[in-house]
Amino acid sequence: MKRKGLFLKRITVLPLSLLILSQVLVGCKRIEMGMPDTQNDGRTESNTSDIDHTGENTQTENETVLPGNYTVPEGWVKMDEYSSGQKIFYAAEGYNDLDETPDNISIEVGTNRYSADEHEKFRDAIMRQLAMQLQGIDAELTGSGTYTEQEYILYVFTIIEEGVVTKQYYIVDDKRYCLIHLTNFSGSEDAEEAAQAMVDSFVWN
């Protein structure tokens, strides 16, 4: 995808209280924070017609097949016990020797009703979705817009909570997206670099 003179400005830091007061919240479908079968702080799912997080992945004997290709950074391995045909999880080698909450990166593909040219509407839908999910939670939500090294539009949403930082990287395509989701419990820069490397290497088929 060519830039075509597109200008993506940084999304203003939005305190959650301001989002709630401005009544921009709508129904949403929960985006997983962390690995399956972990605490979810009572967050629940609700449906939306805008964004579908069910993905298009299919499982094969060797690896999950996505409608795109990406590079897994050296030192990171697939977490077979958490991965499925819809979402693949990765962690640093030796994560089984760590505690119950290793830093992890997941990747999945979903669909939405927006064309690539309507990426700002997609961005706004994600912001509303995240604000709904974070109601009543002590967290800071920020976002930014840029491009991947492959020239795809990229939106990055960062959620800072006590004890964990979540970064969601949305690689935008025509009526679909790739979500690379970093859950960073340790504060490791290596985990952020690994997630960014996956983002920058991703190429749609």
Side-chain angles (χ1 to χ4, degrees), residues 1 8 10-11 13 30-36 38 40 51 53 55-57 63-84 86-110 119 122-123 126-127 129-130 133-134 139-173 176-205:
M1 180 186 298
L8 292 181
R10 180 169 180 80
I11 302 167
V13 176
R30 176 171 166 259
I31 300 172
E32 295 292 338
M33 295 188 177
M35 298 175 294
T38 60
N40 63 11
I51 302 165
H53 293 280
E56 303 173 0
N57 315 342
E63 181 58 278
T64 299
V65 177
L66 291 163
N69 298 294
Y70 59 95
T71 301
V72 179
E74 185 176 355
W76 285 73
V77 296
K78 183 180 175 184
M79 304 174 78
D80 290 316
E81 66 271 41
Y82 294 111
S83 298
S84 69
Q86 286 70 48
K87 183 182 292 190
I88 311 101
F89 283 85
Y90 298 93
E93 288 179 327
Y95 70 89
N96 285 324
D97 299 327
L98 301 175
D99 60 18
E100 295 179 352
T101 54
D103 298 339
N104 63 88
I105 302 169
S106 67
I107 182 168
E108 62 183 303
V109 168
H119 62 88
F122 174 68
R123 175 202 66 193
I126 295 295
M127 287 292 288
Q129 199 173 56
L130 290 172
Q133 294 165 12
L134 294 171
E140 177 185 335
L141 169 64
T142 61
S144 62
T146 184
Y147 294 87
T148 73
E149 287 188 359
Q150 311 302 322
E151 299 291 319
Y152 299 125
I153 294 169
L154 173 68
Y155 284 108
V156 183
F157 299 94
T158 302
I159 301 165
I160 301 175
E161 301 176 74
E162 185 177 356
V164 61
V165 175
T166 302
K167 296 191 83 166
Q168 298 180 1
Y169 303 82
Y170 283 88
I171 303 169
V172 180
D173 197 33
R176 64 179 180 174
Y177 63 89
C178 175
L179 169 59
I180 295 177
H181 186 137
L182 167 65
T183 307
N184 192 340
F185 296 101
S186 70
S188 166
E189 291 185 8
D190 290 342
E192 290 216 13
E193 291 172 1
Q196 187 66 55
M198 290 177 67
V199 168
D200 283 327
S201 67
F202 184 84
V203 178
W204 291 104
N205 288 343

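Residue numbers count from 1 along this sequence. Just so it is clear, the model here is predicted, and its values are computed rather than measured.
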Can you see which heavy atom on Y155 is nearest to which on H119, and at what distance?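 It is OH-ND1, 2.7 Å.
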Separation of L134 CG from Q129 CD (nearest 0.5 Å):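 Rounded to the nearest 0.5 Å, the CD-CG separation comes out at 10.5 Å.
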Rounded to the nearest 0.5 Å, how far does CD1 of I88 lie from CE of M79?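 Rounded to the nearest 0.5 Å, the CE-CD1 separation comes out at 13.0 Å.
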If you take all heavy atoms of D190 and W76, which pair is closest and at what distance?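 Minimum heavy-atom separation between D190 and W76: O-CZ2, 4.4 Å.
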List the atom pairs, with distances to 0.1 Å, where a side-chain N or O of residues 194-201 and a protein N or O form a donor-acceptor pair under 3.5 Å, not counting sequence neighbours.
from : atom 1 : to   : atom 2 : distance (Å)
Q196 : NE2    : D200 : OD2    : 3.2
D200 : OD1    : E149 : N      : 3.1
S201 : OG     : T71  : N      : 2.9
S201 : OG     : A197 : O      : 3.1
S201 : OG     : M198 : O      : 3.1

Measure the spacing between OH of Y70 and CD1 of I180 and express it to the nearest 0.5 Å.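 That separation rounds to 8.0 Å.
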I'd like to check L141 versus M127 (side-chain heavy atoms, cut-off strictly below 4.5 Å). Are they in contact?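 They are in contact (side-chain heavy atoms under 4.5 Å apart), so the answer is yes.
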Look up atom OG1 in T146 and atom CG in L154, then write down how far apart they are to the nearest 0.5 Å.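 Answer rounded to 0.5 Å: 6.5 Å.
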Can you name the nearest heavy-atom pair linking N205 to G68, along with the distance?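 Nearest pair, atom of N205 first, then G68: ND2-N, 3.3 Å.
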Quick one: are Y170 and L179 in side-chain contact, heavy atoms under 4.5 Å?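 When only atoms from C-beta onward are counted, L179 and Y170 do touch, with a gap below 4.5 Å.
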How many angstroms lie between atom CZ of F202 and atom CG of N69, to the nearest 0.5 angstrom?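 Answer rounded to 0.5 Å: 8.0 Å.
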Is it the case that the side chain of Y152 and the backbone of W204 share a donor-acceptor pair, with hydrogens and angles ignored and the cut-off at 3.5 Å?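 Confirmed, Y152 side chain pairs with W204 backbone.
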Residue of the set V165, T166, T101 for which side chain to side chain contact (heavy atoms under 4.5 Å, CB included) holds with F185: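 Of the listed options, the one satisfying the test is T101.
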So, do I107 and C178 sit near enough that their side-chain heavy atoms are less than 4.5 Å apart?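 SC-SC contact between I107 and C178 confirmed.
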Taking all non-hydrogen atoms of both residues into account, name the closest pair between E108 and Q86 and its distance.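 Distance-wise, the nearest heavy atoms are CB-O, 3.3 Å.
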E151 to Y147 - nearest heavy-atom pair and separation: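 Smallest heavy-atom distance, with atoms named: O-CD2, 3.9 Å.
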Are any non-hydrogen side-chain atoms of D103 and Y95 less than 4.5 angstrom apart?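 When only atoms from C-beta onward are counted, Y95 and D103 do not touch, as no gap falls below 4.5 Å.
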Contact between Q133 and I159 at the side-chain level, heavy atoms closer than 4.5 Å - yes or no?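 Contact flag for Q133/I159 side chains = no.
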Could you tell me if the side chain of V72 sits less than 4.5 Å from the side chain of Y90, heavy atoms only?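 Counting from C-beta outward, Y90 and V72 do come under 4.5 Å.
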Between L130 and Q168, does a side-chain contact (heavy atoms from CB on, under 4.5 Å) hold up when you go through it step by step? CA-CA 10 Å; L130 290 172; Q168 298 180 1; 3.6 Å; yes
Given side chains that start at C-beta, do those of N184 and E192 come closer than 4.5 Å, heavy atoms only?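 Yes, side chains in contact.
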Find out whether I153 and R123 are in side-chain contact, i.e. whether some heavy atom of one side chain is under 4.5 Å from a heavy atom of the other.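 Not touching, per the 4.5 Å side-chain cut-off.
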